[in-house]
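Heavy-atom basis, side chains included; hydrogens, waters and symmetry copies ignored.
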Amino acid sequence: MSRIEAKKPSLCTSATLTKDIVSHSVSVLSGILKSCYGPTGRLKQLHNGMGGYVRTTSQSSTLLSGLSATHPILKVLTASVQNHISRFSDCGLFTAILCCNLLENFQRLKLLPYTVVKINRHLLSLCTDYLKSEACACRILVDFNSVETLLCLVRSVLTSKPACLLNKTEADHIGILVIKAFLLTVPNNVETNVALGKCIIVPVKNKRVMDSTVFSGLLIEIPELQLARTFPIRRVSSSNIKMALFCISLSGDHSSTGEGTVVVHHGVSLELAELDQLLNLGKQLVNDQVGLVVCQKVIHPSLKQYLKEHHIISVDRVGLSVMEPLSQMTGSKPIAAIHSLSPSCYGSLKDLHTENFVSKCFLHLIPNDTLVCSLILCNRNETAWDELKVACQTAEHILQLTVKQPLALLGGGCTETHLASYVKYKVFNLPTSTFKALDCSQTQYQLVADAFCHSLESVACCLEHDNGEILTDAVYGHFWSIPSGFPSDARWSDLVSKCGCGIHSKQQKLKWMVLRNQHTPFTPQSCCKDPCVKSPDLRALDCFAAKCSGLQVAVETANLILDLSYIIEDQN
């Protein structure tokens with residue numbers, strides 16, 4: 001078929017970062033993300049301009065999925081950050097802001113991209129080697145025997161999401177629940193291949209946050225009318241309830257027959273034939289002493305009535321999300337056919353209760369081994385609940401990552417400023433052989449290193465949204481913030497209170513200086529001799545794995561964009 005319109009040639013663009021439209025787009029994206037950073041970050045409202053649902057958020061996962069990036073450079077940047085978020089859940093804003101800062105600062109250097117990329121990779125290796133070394137002074141060991149460090153780690157996630165609308169008491173309450181729920185998913189018996197369980201979040205909106213609670217096992221919401229006719233229940237023994245889990249429809253509809261042609265003889269009712277099959281299934285369930293039937297889809301009313309008459313509880317329309325946790329905690333194998341049931345497909349429960357919570361009724365499935373738990377999550381309104389759900393899921397994921405690698409980095413901007421101080425000192429003392437190996441001059445290396453450190457410090461500065469002054473100390477290289485409107489003749493020691501992570505206070509009589517000002521490089525000291533910090537004043541921790549990955553993704557994405565020579569776009 002001939003084309004109505006002639007095919008257009010592809011558009012080839014060179015020197016992409018020097019284009020005003022690209023630099024402006026990166027600057028706009030950077031401004032949006034920076035304004036959302038930290039506990040006092042400003043909220044954004046996302047909507048499609050056509051009406052409908054409006055989302056209020058400051059979370060990177062929601063922001064980046066809601067923003068429509070059109071330029072290929074921005075698509076590369078946002079895709080890299082979203083991939084990081086999908087793997088680690090946290091530090092998305094840190095990653096995106098750092099990447100934007102690096103691009104903006106490197107663009108001003110007027111150096112060849114090849115040179116910048118080589119030096120940038122060397123600076124990244126300095127940072128990662130330091131963070132992974134025993135000498136790292138901005139990381140701590142996480143003690144799972146103490147809830148204080150875990151609570152600090154979880155609270156840092158919750159308080160950095162202001163759209164959750166949590167006060168300190170509520171943040172502590174939710175933090176403790178998240179930790180409790182996580183510990184319930186950790187198996188008691190350590191084996192070669194340890195698999196963590198699942199935490200199911202049960203929504204209860206327009207209620208007090210303090211009403212939130214955790215149940216071991218699984219809660220399945222049921223109608224109030226069904227609650228009255230639930231018990232007694234058929235049991236195999238006093239401590240065992242056999243359960244069948246179906247992943248197909250038991251409604252008797254024709255869709256459950258699969259593909260192919262169905263031949264129906266004259267005078268035969270297909271509906272009655274299917275109902276007979278369902279009742280035969282019910283008879284087999286009775287003979288096999290099943291006490292609970294759970295179906296992902298719909299159960300026919302006649303089959304429900306038959307099961308009820310034989311004291312078998314039936315629950316349908318549970319949905320796909322609970323099928324895996326149900327199978328995991330009961331040992332049930334999802335049944336996909338009604339013709340042949342194997343005894344091995346059944347699972348077992350320890351007990352079955354009913355729970356009334358606020359205005360909802362639940363069937364509480366209690367397993368023999370607790371690997372699944374239900375977190376009833378409450379919040380004031382739908383928007384705040386949506387934000388809190390994502391924050392709780394992020395906190396749970398962080399705890400899972402911390403189990404694999406029991407380390408954390410100091411939060412509140414202290415890791416960024418400390419790391420910048422460390423890099424400045426290392427660069428100041430680099431041997432001449434390093435510059436020869438990188439095929440660059442000492443001046444070129446120093447320019448890139450200054451831009452790199454400035455980018456790290458700029459991320460920390462994004463935590464201040466009210467025009468306050470940002471300081472750092474000359475001993476530990478931590479982040480200090482003082483409010484705006486201070487007298488010009490005031491001493492820094494009279495204005496500072498605690499550093500960003502909360503470990504250090506002004507009583508230590510440190511020497512402070514304005515961050516990002518030129519000063520003599522120094523070796524930042526460790527916070528304490530004991531790497532397992534248990535300071536009650538510790539108020540901000542970051543996930544070690546997420547932060548390290550965010551740093552690497554930001555630098556490598558900036559290198560990739562700097563290294564792009566041409567962009568070829570199909571115009572058709």
Side-chain angles (χ1 to χ4, degrees), residues 217-220 222-223 225-258 260 262 264-265 268-320 322-354 362-369 371-372:
L218 189 64
L219 292 178
I220 299 178
I222 58 175
L225 293 175
Q226 187 177 348
L227 185 65
R229 59 174 189 266
T230 295
F231 294 96
I233 184 173
R234 186 185 182 93
R235 295 175 181 265
V236 177
S237 64
S238 59
S239 60
N240 193 12
I241 301 171
K242 188 178 286 189
M243 181 189 125
L245 180 63
F246 289 89
C247 60
I248 59 169
S249 173
L250 298 179
S251 63
D253 56 358
H254 304 315
S255 61
S256 61
T257 57
V262 178
V264 181
H265 295 286
V268 175
S269 171
L270 187 60
E271 288 77 12
L272 290 177
E274 290 179 343
L275 181 57
D276 287 340
Q277 286 186 340
L278 290 175
L279 293 178
N280 288 334
L281 171 67
K283 291 176 183 178
Q284 183 171 352
L285 293 172
V286 172
N287 293 334
D288 291 342
Q289 295 184 299
V290 172
L292 174 66
V293 174
V294 179
C295 183
Q296 177 185 338
K297 300 179 181 180
V298 181
I299 300 178
H300 195 284
S302 298
L303 178 57
K304 277 187 175 182
Q305 181 62 30
Y306 180 85
L307 296 174
K308 175 191 172 185
E309 291 171 356
H310 290 82
H311 305 296
I312 298 176
I313 296 176
S314 60
V315 184
D316 60 351
R317 305 174 190 267
V318 298
L320 181 62
V322 300
M323 293 297 288
E324 183 183 353
L326 268 173
S327 177
Q328 185 178 15
M329 80 175 197
T330 63
S332 305
K333 296 179 181 177
I335 302 169
I338 64 174
H339 302 292
S340 56
L341 300 185
S342 169
S344 62
C345 68
Y346 297 128
S348 63
L349 288 170
K350 181 179 181 181
D351 207 350
L352 195 63
H353 294 161
T354 57
F362 297 96
L363 199 61
H364 185 193
L365 281 62
I366 304 174
N368 292 303
D369 294 322
L371 274 179
V372 174

Rounded to the nearest 0.5 Å, what separation is found between the CG atom of Leu275 and the CG atom of Asn280? 9.5 Å

Of the non-hydrogen atoms in Phe246 and Met323, which two are nearest, and what is the gap between them? O-CE, 3.6 Å

State which residue, out of Ile313, Thr330, Val293, fulfils the side-chain contact (heavy atoms from CB on, under 4.5 Å) condition with Met243. Thr330

Taking every non-hydrogen atom, the tightest pair across Ile299 and Val315: CD1-O, 4.0 Å

Which is it for Leu245 and Lys333 under the side chain to side chain contact (heavy atoms under 4.5 Å, CB included) test, yes or no, and what are the steps along the way? CA-CA 7 Å; Leu245 180 63; Lys333 296 179 181 177; over 6 Å; no

Can you tell me how far NE2 of His300 sits from OG of Ser249, rounded to the nearest 0.5 angstrom? 10.0 Å

I need the Gln296 CD to Ile248 CD1 distance, nearest 0.5 Å. 10.5 Å

Nearest 0.5 Å please: distance from the SG atom of Cys345 over to the CD1 atom of Ile335. 3.5 Å

Side-chain touch Asn368/Ser348, heavy atoms, less than 4.5 angstrom: yes

Would you indicate whether the side-chain heavy atoms of Ile312 and Leu292 approach each other to under 4.5 Å? no

Could you check if a side-chain atom of Leu341 sits within less than 4.5 angstrom of a side-chain atom of Leu285, using non-hydrogen atoms only? yes

Check Val372 against Pro325 and note the closest heavy-atom contact, atom names and distance. CG2-O, 3.6 Å

A side-chain contact here means heavy atoms from C-beta on lying under 4.5 Å apart; do Lys297 and Leu250 qualify? no

Quick one: pull up CD in Gln289 and CG in Asn240 and give me the separation to the nearest 0.5 Å. 10.0 Å

How many angstroms lie between atom CD1 of Ile338 and atom CD of Gln277, to the nearest 0.5 angstrom? 4.5 Å

Which heavy atom of Gly282 sits nearest to which heavy atom of Leu303, and what is that distance? CA-CD1, 3.9 Å

Side chains of Met329 and Leu349: does their closest heavy-atom pair fall under 4.5 Å? yes

I'd like to check Leu363 versus Thr354 (side-chain heavy atoms, cut-off strictly below 4.5 Å). Are they in contact? yes

Between Pro367 and Gly217, which heavy-atom pair has the shortest distance, and what is it? CD-CA, 3.6 Å

Under a 4.5 Å cut-off applied to non-hydrogen side-chain atoms, are Ser302 and Leu278 in contact? no

